Amino acid sequence: MKPSAFTYHAPTSLDDAVRVLAEAGPDGKVLAGGQSLIPMMNMRLAAPAVLVDINRLPGLDTVRVDTGGVRVGALVRHTDLEDDAQAARTVPLLRQGLRLVAHPVIRNRGTTVGSIVHADPSAEMPAVLALLGGSMEVRGPSGTRSVGAADFFTGPLETGMAEGEIAVSAYFPRPAPGSGTAFVEIARRSGDYAMCGVAAVVTLDADLRITAARCCYISVAPVPLVVDMAEAVVGAVPASADLSAAADLAADRIEPEDDIHASADYRAHLARVLTERALAEAAEAALRETAGPGPHTTGIGAMR
Amino acid sequence: MSTRLLGAPVQRTEDRRLTTGGGSFLDDLGSDACAAAFVRSPHAHARIRDIDVMDALDVDGLIAVYTYDDLTGPMAEPLPLLIPHPSIIDGRTPYALAREYVHHVGEPVAMVVARDRYAAEDAVERIRVDYEILDAVVGVEKAMQADRIVHEGMADNVAAHLVQEVGDAPAAIGAAPNTLELDLEIERSASIPMEGRGVYARWDSARGGGLRLYSSTQTATGVRAAVAAKLELQLGQVEVVVPDVGGGFGLKIVHPWPEEVMVPWAARQLDREIKWTEDRREHFVASAHERGQQQRVRVGFDDGGRILGLDVQILHDNGAYLPYGVIVPIVTSTQLLGPYKPGAYRVEFHSLYTTTAIVTPYRGAGRPQGVFAMERTMDAIADHLGKDRVDVRAANVIKPDEMPYDQGMLFQDGRPLIYDSGDYPKMLRMITDLVGWDDFEEYREQARAQGRRVGIGLACYVEGTGPGPYEGGHVQVETSGKVRVATGLTSQGQGHETALAQVVADKLGVPMSDIEVTTGDTRRMGYSVGTFASRGAVTSGSAVAMATVRLRDKVLKIAADALEADPGDLEIIDGRVQVKGSPAQGMELGTVAVLSNPLRYAFDAASAAATQFSGAADYDRPPVPEDEAPGLEGTDFYSPLRCTFASGAHAVIVETDPATAEVRILRYCVVHDCGNLINPTLVEGQVHGGVAQGVAGALYERMAYDEGGQLLNASFMDFLMPYASEVPRIEIDHLETPSPLNPLGVKGAGEAGVIPASAAIAAAVEDAEGFRIDQMPISPSELFHLRRRHARGEIASVPRRPAHRSLTKEN
């Protein structure tokens, strides 16, 4: 398990990095946290001739939070984003998703932007970006552009990034006021890629009626799959929302496959169960959000 | 140090070294050595038409490429069949490098030696092998059908066939008032040690040549003899040193591996140091696996649940080759009986070739399969009769007053299967008390009221441990007073350094800190068998104890001479020999060592004291008395009459998620009897590790071969070794029934934890779900589909009596 020979570059400016990567063409690969790329290289499943290590680039290791959302630089480690209290307050789904990403040791090195760029349909952070309608800022030889999540994930391990482009940051918008979020998944072992996972956002109005609800599915579609649940639950109060109808909506859209860990039928079953669990948890969070700080009671028990 | 050290929970002395990076494992050695890498078959079964190495020759740093055609003499012959057993019909073993045919993915086809592993892998990538792909044979059913044949020249795939009978089981079953049939299956799993295999060879061409070989093995002397035979060397020309080993679990008792002969052979050819460190992918496809059996059980029993006749047919998957013989199915066949005494027993196995990695003993070594068969049968009998599951077991166990108990069969060591000691009724009482068997139904009701589903199960086992032929111990006191201990078997993390030091400290009377233990080094102990079958404490522990007693006798004799006292009046306390009752009269052990070795030359103050002019000489006696040897050391060997039989029982409470079919272990209880405990902390560590691998085999690990013989999960991403987060807290209660067969009264403890886990967890899941579980491991996805089939009426419900034993003190 030793990689094939490659040329290693460690540029210190983004312009240099973009230039070196462009020169390398299809043989170039960006190294950030290396938690997916390095094992693939060691197993010779990937053999890039040129490795552009971006770890020395300045300014990419920051988390910037404003009222609208959270911008995460390309060198921010999962752990640092997970530990960022301001980010967690503004976009709680970040921490809800990050705690499910592999294990602390991997989160210490792996970057959130790297995980999104890797675009594994079983990974959590692409789903967080997709559910929130976030975007990626990418820099290439012809400048910087922003790619919305809907256009970013084009297939398993495939993105809308062009050859020679480097992802600079990811932007996670804050959900609408009155929203709550949740991320639930079932994995064989703690920290494994999930057999199925569901992220959910539920928005309530002042009367505590659901005005919007969406779920995003991992491991049951070629890309993180966002399903609008409005048809099933909008207008209902959380306690009487028809979660089974929401599960039906998901069942129509997912495309689970058999593998050695779970059958397609079982994954589809989990998608139903987790849709209900995720929506219930998200609604509970929305009720807490709506009630504001202090003691509160919810009628959420009926939803489970 | 007057407190007894035998039986004390002494902390592991090796842990400071091992946990602070001070360990020295195979890959820590030979940093300047050339690296070897292997071209391995990507196909499960193929004929090699051509090997083209031309492209590889350009690789910078390449030193040599070898294929089968380069091998001559014994190297060109198949590797040995280590344990030839009369039941073997056609025992096939691999060549060091494939000769014309490959029979599993990962089989070595060519060897590359290069400056480093990077260059070696570059060369491997460029060697092109032209294969004619042949039929893969995966699974025992396919193998038994024999419409596809694994080995050229065989008419079927049966490597071995054995029937063993005690009484007339078919007749007893025919006459029994109740009968049942069960079809059971256990899938493959594997040892998967943290450190894979590895070999590092140094050839010394001076004086006729000699080989120093380091190997991550469970048998230094075995590797030495095997490599010497292959390389046509005298034993005296080969030294094998086993460094720290990061786990073996049975896998590393196999020897010699193809790589283990190729590396020293090439080191001699090239007169260069060569090292090969296995990588994880190689380990998954090219080392060894275990488990993998289908069983058909027929049982006849009376209305009390007592088994009158038991007939078991086993299809055993031995993989592509049979280098370790049929130890695994023989152990299954014999240890299946556990603590029970069926009226009559018939067991038949077919050991079958498949085009998959070889199957050799992995911790438990066939017992988990046997216990699965027997314990699933016990539960089925209980359900059939509407009896409590514990009561049925109690009706079948051997009683203490029946010990020693002869099961009437031959065990894996070729010696009678006679249980030496044990108290199985007490064991059953202890495990059911520990888990709270009689209170479980109340808990189940509470859980049910909360919408939760829980179940309880238990399983018992007996484990033959400490087989011969022998092990040796060598104990030597240096003039510094330090005590050096050597035994020939190897350590893979068990804590031998601690346990053997405890034996010596206790028997000799020296502090633990003055004792240094060496294992697995043929330079220190050339006679040994190896570490397997839970035999370290029994064999080496006994040998070291016996050697220490010899040494102590010599210490007392020499000290008595010097002190002008009777040896019987002396004692050794804290490394000092002294007259009982007057401790001022005495000398340090180091001084005794000086006196034991009369010298002509002085090198330092201590040796000056031993020269010929140092003291009053007795001119009527030679300096070294007749029948004595210079030096303060003792050597002895322990050769057991037969195995000593440890036993135990596990009880498990699980919760199964009604929605997601996830299985969670709520409680895991163990009662364990390995005779006298040398160190309860070490034993508990062994049990914990065993249970972790048991839980792994029950709920997580499997070897997912597809029909073409490709292993689909050959990485830690898809081979689900449980993390700490998946392993439950383990509650242990010890029972100590000493063995009468060895001087320490100990029994082996290494494998116990893993043995009944699949049986106990299957029983608990079955109890939670209400339908039969006859196949392990079980994943949430599989449980989900079983529920569906049960809901559709395709699987019958299990009629179960609430858990409550009618055990009394009398039974």
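Lettering follows sequence order; numbering is per chain, from 1. Not measured: the values here are computed from a predicted model.
- Proximity to chain A is limited to the side chain of Glu726(B), based on heavy atoms less than 4.5 angstrom apart.
- Of the listed residues (Ile186(A), Leu270(A), Asn42(A)), the greatest number of heavy-atom pairs within a distance under 4.5 Å of chain B belongs to Ile186(A).
- Looking at Glu125(B), only its side chain comes within 4.5 Å of chain A, counting heavy atoms on both sides.
- At a 4.5 Å heavy-atom cutoff, the contact between Pro3(A) and chain B is made by backbone and side-chain atoms alike.
- Side-chain N or O atoms of Glu121(B) include one that pairs as donor or acceptor with a backbone N or O of Met1(A) at under 3.5 Å.
- Atoms CD1 and CZ, on Ile260(A) and Phe719(B) in that order, are 10.5 Å from each other to the nearest 0.5 Å.
- Heavy atoms of Pro780(B) lying under 4.5 Å from chain A belong to its backbone as well as its side chain.
- Using a 4.5 Å cut-off between heavy atoms, Ala659(B) contacts chain A through both its backbone and its side chain.
- At a 4.5 Å heavy-atom cutoff, Asp116(B) makes no contact with chain A through either its backbone or its side chain.
- Shown here is Glu257(A), whose CD atom has no more than 12 heavy atoms of other residues, nucleotides or ligands within 6.0 Å.
- At a threshold of 4.5 Å between non-hydrogen side-chain atoms, the residues Val124(B) and Arg44(A) do not count as touching.
- Contact of Arg280(B) with chain A is made through backbone and side chain together, with heavy-atom distances under 4.5 Å.
- Counting heavy-atom pairs closer than 4.5 Å to chain B, the top-ranked of the candidates Arg272(A), His103(A), Met43(A) is His103(A).
- Looking at Arg189(A), its side chain does come within 3.5 Å of a backbone N or O of Met721(B) through a donor-acceptor pair.
- Residues Asp265(A) and Arg788(B) meet the side-chain proximity criterion, which asks for heavy atoms closer than 4.5 Å.
- With ring centers used as reference points, His269(A) lies under 6.0 Å from Phe784(B).
- For the atom pair Leu699(B) CG and Arg188(A) CZ, the distance stands at 7.5 Å (nearest 0.5 Å).
- Shown here is Asp58(B), whose CG atom has more than 12 heavy atoms of other residues, nucleotides or ligands within 6.0 Å.
- The closest donor-acceptor contact from the side chain of Tyr266(A) to the backbone of Leu783(B) lies at 3.5 Å or more, if one exists at all.
- Within the 4.5 Å cutoff, side-chain heavy atoms of Ser263(A) are placed close to those of His785(B).
- Most heavy-atom pairs under 4.5 Å with chain A: of the set Asp279(B), Leu712(B), Leu720(B), this distinction falls to Leu720(B).
- If you measure heavy-atom distances from Asp657(B) to chain A, the contacts under 4.5 Å come from the side chain alone.
- Contact check for Ser781(B) versus His261(A): no side-chain heavy atoms found under the 4.5 Å cut-off.
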Next item on the list: Might you work through the side chain to side chain contact (heavy atoms under 4.5 Å, CB included) test for Arg277(A) and Thr660(B), ending with a clear yes or no?
Entry: CA-CA 11 Å; Arg277(A) 288 185 183 177; Thr660(B) 64; 3.7 Å; yes
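- By the 6.0 Å contact criterion, CZ on Arg109(A) is open, its count of non-hydrogen atoms from other residues, nucleotides or ligands being 12 or less.
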